[in-house]
Number of protein chains: 2
Amino acid sequence: MAGDRPGYELEAQIGHLLRRAHQRATSLFLASMQEHQLTPTQWAALVKLHEQGALSQNHLGRLTAMDPATIQGVIRRLVTRDLICRAEDLNDRRRAVLRLTEAGTALVDQLFATAAGISRETLSPLSPSEQAVFLKLLQRLA
Amino acid sequence: MAGDRPGYELEAQIGHLLRRAHQRATSLFLASMQEHQLTPTQWAALVKLHEQGALSQNHLGRLTAMDPATIQGVIRRLVTRDLICRAEDLNDRRRAVLRLTEAGTALVDQLFATAAGISRETLSPLSPSEQAVFLKLLQRLA
DNA sequence: TCGAAACCATACGTACACGAATAAATCGTG
DNA sequence: CACGATTTATTCGTGTACGTATGGTTTCGA
C-alpha cells in the first residue's frame, strides 16, 4: 500500500498519445508521398500558397503554424526544388513575396487526391461517426 | 463550377490538426517543466525506467515509441545530467543496462504531480466527458 | 524629422524523428 | 558445431521545431 505509484500511466497521457498519433500520421504521409519527397509541412506551405496566391514568408508561417525560424528552412528547400519562387514586394521592401511556380501549382493540383487519401487512411481505424466526433474535439485542442 | 477547388481544407486535415495539437501539448509541457529542463521524451524515458527498474536502451525505446537513433540522444543527455546511469549487461555484452540514479528517482517522484497537472491543462478545453471520449479515440490512432 | 516601435528575415544552438549504414554480439537451425 | 539471421547500439544525413540574438526596413509619433 505504502509505496504505491500515484497511478500515472504514461500510455494514458494526452501528450504521449498525441506524440504517437502524430508520428503515425507523419509516417503514413511520407509513405504516400515518397515518390514526390514532400513532408507534411512542405505540403502545408504549398497548399496555402495555392489557396492564397502570394504571401510573405512570416505570414505563410502563421497560416501554417510554423515559427519564422522553421518556415525559413521549409521555404528554402522548396525554392531549391523550384516549386516556389520569391520576388521582392514592391510596396513593402521588407518582405519577400512567395509564389508557387508553374511546376509547384501543377504538383499541388496533382496531389490533392493523394493528400485526401492520406487523411482517409490516417482516420481509418475509426468509424465515420467516430471520425467526425474526433475531428471536432481535436480542432478544439489545436 | 469548373475551376472549383477539390474542397481540400488544410485546417480540417487530421495530420495538420495532430501536428498543431502536438505542438500545443509540447509547449505546455516545456512551460511547466522549465525549471527542470525536461522534454516530453526525456520524461517518458524517466517514467518508464522508474516503472520497470532496469532496461536496455532499445527496449526502453520501444516502450516509449522512440527510434534507436532517437533514444540514443535522449539517453545521452540524461546520463550527462546524472539522472540515468548505464552499466554493461554481464549476460549480453551488446547491451547497456539503464537505471535511474538516486537523483533521477527522486526527480521522477517529485514530478508525477506536475506531469499530471500538465495533462489536465492540455485537456482543459474539453469537458470531462469529452475528454474521456477523445482519449479513447486517440488511443486507437496511436 | 528623427528616433522608437513594429515587422521581417536570417543565423545559431538544442532537441526530437527517422532512414540508412556499420559493427559487434547473440541466437537459431541445420 | 557452424553459419546465416537477428538484435543491439552508434553514426551520418535530412528535416522539423523553437528560443534567442542580430540586423535590416518601414511606419508612427513626439
Side-chain angles (χ1 to χ4, degrees), chain A residues 15-16 18-31 33-34 36-46 54-81 84 86-98, chain B residues 15-16 18-31 33-34 36-45 55-81 84 86-98:
Chain A
H16 187 69
L18 282 173
R19 176 169 150 269
R20 284 175 47 200
H22 178 240
Q23 280 179 0
R24 173 171 168 275
T26 302
S27 168
L28 292 174
F29 188 99
L30 294 176
M33 288 292 191
Q34 191 169 26
H36 303 282
Q37 289 289 110
L38 281 183
T39 64
T41 51
Q42 290 172 3
W43 172 248
L46 293 175
L55 294 166
S56 79
Q57 190 166 297
N58 281 5
H59 189 184
L60 177 58
R62 286 190 293 274
L63 292 178
T64 53
M66 283 184 253
D67 220 64
T70 301
I71 192 87
Q72 188 271 340
V74 175
I75 295 305
R76 179 169 43 74
R77 287 181 278 273
L78 292 173
V79 168
T80 299
R81 291 170 60 183
I84 282 181
R86 36 196 341 163
E88 294 178 9
D89 187 325
L90 301 179
N91 299 22
D92 188 340
R93 284 173 47 201
R94 290 171 298 186
R95 301 189 201 180
V97 178
L98 304 175
Chain B
H16 186 69
L18 283 174
R19 176 171 149 269
R20 284 174 46 200
H22 179 240
Q23 279 179 0
R24 172 171 170 276
T26 302
S27 169
L28 292 175
F29 187 98
L30 295 176
M33 289 291 192
Q34 191 169 24
H36 303 282
Q37 288 291 106
L38 281 183
T39 63
T41 52
Q42 290 171 4
W43 171 248
L55 295 166
S56 79
Q57 190 166 297
N58 281 5
H59 189 185
L60 176 58
R62 287 191 292 275
L63 293 178
T64 52
M66 283 185 250
D67 221 62
T70 300
I71 193 85
Q72 189 271 338
V74 175
I75 296 304
R76 180 170 41 75
R77 286 180 279 272
L78 291 173
V79 168
T80 299
R81 291 171 59 183
I84 284 182
R86 42 196 332 166
E88 292 179 11
D89 188 323
L90 300 178
N91 300 20
D92 186 339
R93 284 174 47 205
R94 293 170 299 182
R95 299 189 206 182
V97 179
L98 304 175

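Keep in mind it's a predicted model, so treat the numbers as computed, not measured. Just so we're on the same page: letters track the sequence lines, and every chain starts at 1.
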Next on the checklist: Both Q34(B) and T41(A) contact DNA chain D. Taking the nearest nucleotide for each, which residue is further toward the 5' end?
Outcome noted: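 Result: T41(A).
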
Interatomic distance, [X] [atom1] vs [N] [atom2] [rounded to whole Å]:
| X | N | atom1 | atom2 | value |
| --- | --- | --- | --- | --- |
| Q72(B) | dC12(D) | CD | P | 10 Å |
| R77(B) | dA17(C) | CZ | C1' | 11 Å |
| W43(B) | dC16(C) | CH2 | C1' | 19 Å |
| R81(A) | dT14(D) | CZ | C1' | 12 Å |
| R24(A) | dC16(C) | CZ | P | 24 Å |
| Q23(B) | dG15(D) | CD | P | 19 Å |
| L98(A) | dC8(C) | CG | C1' | 12 Å |

At under 4.0 Å between heavy atoms, what does [X] touch on the DNA or RNA strands: base, sugar-phosphate, or nothing?
| X | result |
| --- | --- |
| D67(B) | base |
| N91(B) | sugar-phosphate |
| R62(A) | sugar-phosphate |

Considering just the side-chain nitrogens and oxygens of [X], establish if one lies under 4.0 Å of OP1 or OP2 belonging to [N].
| X | N | result |
| --- | --- | --- |
| S56(B) | dA9(D) | yes |
| T39(B) | dC16(C) | yes |
| R19(B) | dA17(D) | yes |

Which of the following nucleotides, [options], is nearest to the side chain of [X]?
| X | options | answer |
| --- | --- | --- |
| R95(B) | dG19(C), dT10(D), dT8(D) | dT8(D) |
| H22(A) | dA15(C), dT16(D), dA17(D) | dA17(D) |
| A69(A) | dA11(C), dT26(C), dC8(C) | dA11(C) |

Next on the checklist: Should the side chain of R94(B) and the base of dT7(D) be counted as holding a donor-acceptor pair, with the cut-off at 3.5 Å?
Outcome noted: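 Counting by modelled atom types and ignoring angles, a donor-acceptor contact under 3.5 Å is found here.
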
Checklist entry - Judged by atom type as modelled, is there a donor-acceptor pair below 3.5 Å linking the side chain of Q42(B) to the main-chain atoms of R77(B)? => result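 Looks like no, no N/O pair under 3.5 Å.
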
Checklist entry - With respect to M66(A), which candidate in N58(A), I71(A), L60(A) satisfies the side chain to side chain contact (heavy atoms under 4.5 Å, CB included) definition? => result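 Result: among N58(A), I71(A), L60(A), I71(A) is the only option passing the side chain to side chain contact (heavy atoms under 4.5 Å, CB included) with M66(A).
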
Next on the checklist: Other residues, nucleotides and ligands only: do more than 12 of their heavy atoms fall within 6.0 Å of CZ on R93(B)?
Outcome noted: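 It does not: R93(B) CZ has 12 such atoms or fewer within range.
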
